[in-house]
Amino acid sequence: MNRKNRLLAAAAYFMAVLLLASAGEMTVQAKEGYDFLSVGVAEVLDPSAYNFDEEPEEKRKKNIDEKFEAEKRRMEKELTMANVQNALNIRAEADEDSEKVGLLYKDCGGTILERKDGWTKLKSGSVIGWAKDEYLLFGEDAKDMAEDVANWIVTLDADAVRVRTEPSEDAELYGLMAYEDSVEFIDTVEDGWISVDYEGETGYINSEFVNVKFHIDEAESMEIIRAREKEAEERKRKENRGAVAADADETRLLGALIYCEAGNQSYEGMVGVGAVVMNRVKSGAYPNTIHSVIYASGQFTPAMTGKVAKVYEGQVPDVCMQAAQAAINGETTVGGATHFRRAGKREGYVLGAHVFW
């Protein structure tokens, strides 16, 4: 169809839409969100008002490999990672005497907003502030660290996506992912499919409908830290008075997290996840209560997405509660590990489907 005929077709379509709309029969919106009812006749008929040429290269839908490469380029350009043993102070201004607004822990990162005079302004979670460059990594160094300690997350580019048991449109369904959901990426599969960790199972999603991003542990604001300290003081006060409900609640919460992270693993694997939480509780680099460790900003994906809370309010399997109690009692199957992730690309102690370090 030549340009003149396409213009005539567009004008005819516009007039048909007006007639139908004025009759109260329907409202039509064109593909790509272009609303014909919101423009005038002259604009539709004006050749300069509507572009019939092919979409520019930057608007073409990327395949999954291009999405990964684009995210890696963004990381190398915009990402900074903490290069410390414990935690890095984030300040309101580029001055060591400025108010402290948060902490960026070891293996955590953020997005670069501005750099000047040996300081970097960054955003990490809800924290925005300045940190000294000497305690940060940039560029390829930051990207390499992130790939070592973080994990890929799959988000949706559609209202809902089917998660299947095999990489085929004829395969059975595990369930549906809604727009706000996110899951951990496992691997790319042939013919436009990717595998993801869907509620402890390996599920498959058509890669056309997803985006990918790197999930990196984030900073904590001083407001959250102070609230946690106040909560710890309150818990301690209640314990001194003989109350044990807090202990029971935290045991159940740990059991819920173990179910979400390792419910399909061996008992040793479950204890390992519980031990990671307890090792953090005992470490000076992390919060000092189970609740605070689990809900620290950006640390455990199931807590972040609300799955832990749902399991906590529902039924926590007895074996997960047993593993939680064992970890609280000091038992460990992973030594002093404070991190874990799906096994495959990270060195450490492999136990079942997870690697611990």
Side-chain angles (χ1 to χ4, degrees), residues 71-72 74-92 99-115 119-133 135-139 141-155 180-185 211-229 231 257 260-261 276-277 280-281 283-309 338-342 346 357:
E71 177 68 356
K72 288 180 180 179
R74 185 197 67 79
M75 289 167 58
E76 191 164 337
K77 180 180 179 181
E78 302 177 7
L79 178 69
T80 183
M81 296 290 293
N83 187 25
V84 293
Q85 290 298 315
N86 293 314
L88 169 62
N89 292 328
I90 308 297
R91 300 191 179 275
E99 176 189 4
K100 188 162 60 175
V101 296
L103 291 177
L104 190 65
Y105 298 107
K106 176 184 178 182
D107 296 336
C108 295
T111 300
I112 299 169
L113 301 179
E114 183 182 348
R115 297 185 68 181
W119 290 78
T120 293
K121 187 176 184 180
L122 59 89
K123 182 180 187 303
S124 181
S126 63
V127 178
I128 297 177
W130 294 85
K132 297 195 72 172
D133 288 354
Y135 303 115
L136 294 169
L137 294 178
F138 301 93
D141 290 336
K143 180 177 72 70
D144 290 345
M145 174 181 280
E147 290 180 327
D148 190 40
V149 302
N151 59 305
W152 288 99
I153 294 293
V154 173
T155 60
E180 66 275 10
D181 291 343
S182 61
V183 292
E184 184 175 350
F185 169 82
N211 288 314
V212 292
K213 64 179 181 179
F214 228 66
H215 170 62
I216 301 168
D217 290 350
E218 300 169 340
E220 278 194 306
S221 69
M222 294 310 299
E223 288 82 359
I224 292 176
I225 293 171
R226 293 187 188 104
R228 181 175 67 240
E229 292 172 347
E231 178 186 350
L257 176 72
C260 293
E261 294 280 17
V276 165
V277 173
R280 290 191 176 194
V281 170
S283 169
Y286 297 91
N288 60 2
T289 68
I290 294 172
H291 181 280
S292 298
V293 165
I294 291 175
Y295 280 105
S297 177
Q299 300 298 302
F300 295 94
T301 301
M304 179 177 62
T305 60
K307 291 182 180 179
V308 168
T338 54
H339 294 76
F340 70 94
R341 63 177 295 180
R342 177 176 284 271
R346 179 64 164 80
W357 72 96

Arg228 backbone acceptor or donor facing His291 side chain under 3.5 Å = no
What pairs with Arg342 under salt bridge (Lys or Arg N to Asp or Glu O under 4.0 Å), at least two apart in sequence or on another chain?
-> Asp197
Where the side chain of Lys123 meets the backbone of Gly125, is there a donor-acceptor pair that is under 3.5 Å apart?
-> yes
Any side-chain heavy atom of Val101 sitting closer than 4.5 Å to one from Trp130?
-> no
Keeping the roles fixed (side chain from Thr80, backbone from Leu137), state whether a donor-acceptor pair exists under 3.5 Å.
-> yes
Heavy-atom pair with the smallest gap, counting every atom of Ala87 and Tyr105 = CB-CD2, 3.7 Å
Over all heavy atoms of both residues, which pair between Val84 and Leu104 is shortest? Give the atoms and the distance, please.
-> CG2-O, 4.4 Å
Just by modelled atom types, is the Leu122 backbone N or O under 3.5 Å from a matching donor or acceptor in the Thr120 side chain?
-> no
Would one find more than 12 heavy atoms of other residues, nucleotides or ligands at under 6.0 Å from atom CD of Glu114?
-> yes
Lys100 NZ to Met222 CE distance, which is reported to the nearest 0.5 Å = 5.0 Å
Rounded to the nearest 0.5 Å, the OH atom of Tyr295 sits from the CG atom of Leu257 at a distance of 9.0 Å
Do Leu79 and Thr111 have side-chain heavy atoms sitting under 4.5 Å apart?
-> no
Determine the minimum heavy-atom distance between Ser221 and Ser126, stating which atoms define it.
-> CB-OG, 4.3 Å
Phe138, CZ: over 12 other non-hydrogen atoms inside 6.0 angstrom | yes
Heavy atoms of other groups near Lys121 NZ, more than 12 under 6.0 Å = no
dist Ile153:CD1 -> Met304:CE (nearest 0.5 Å) comes out at 6.0 Å
Could you tell me whether a side-chain N or O of Arg346 sits under 3.5 Å from a main-chain N or O of Asp148, the two making a donor and an acceptor?
-> yes
Heavy-atom closest contact (Val127 atom, Gly102 atom, distance) | CG1-CA, 4.3 Å
Distance col, row Leu103:CG vs Ile225:CD1, nearest 0.5 angstrom, shows 4.0 Å
State which residue, out of Leu88, Asp217, Ile216, fulfils the side chain to side chain contact (heavy atoms under 4.5 Å, CB included) condition with Met81.
-> Ile216
Hey, mind stepping through Phe300 and Val308 against side chain to side chain contact (heavy atoms under 4.5 Å, CB included) and telling me if it holds?
-> CA-CA 9 Å; Phe300 295 94; Val308 168; over 6 Å; no
Side chains of Ile290 and Val281: does their closest heavy-atom pair fall under 4.5 Å?
-> yes
Is any side-chain heavy atom of Glu220 less than 4.5 Å from a side-chain heavy atom of Pro287?
-> yes
Answer yes or no: is there a side-chain heavy-atom contact under 4.5 Å between Thr338 and Tyr286?
-> yes
Counting N and O atoms only, with roles assigned by atom type, does the side chain of Glu229 sit under 3.5 Å from a partner on the main chain of Ala227, one being a donor and the other an acceptor?
-> no
Can you tell me how far the NE2 atom of His215 sits from the CD atom of Glu184, to the nearest 0.5 Å?
-> 9.0 Å
Can you check whether Thr301's main-chain N or O pairs, donor with acceptor, with Thr305's side chain at less than 3.5 Å?
-> yes
Do Arg280 and His339 come close enough that some side-chain heavy atom pair is under 4.5 Å?
-> yes
Closest non-hydrogen atom pair between Gln85 and Lys106, with its separation = O-CD, 3.4 Å
Closest heavy-atom pair, Asp133 versus Arg115, reported as atoms and distance to 0.1 Å, is OD2-NH2, 3.3 Å
Glu218 side chain near Cys108 side chain, heavy-atom distance below 4.5 Å = no
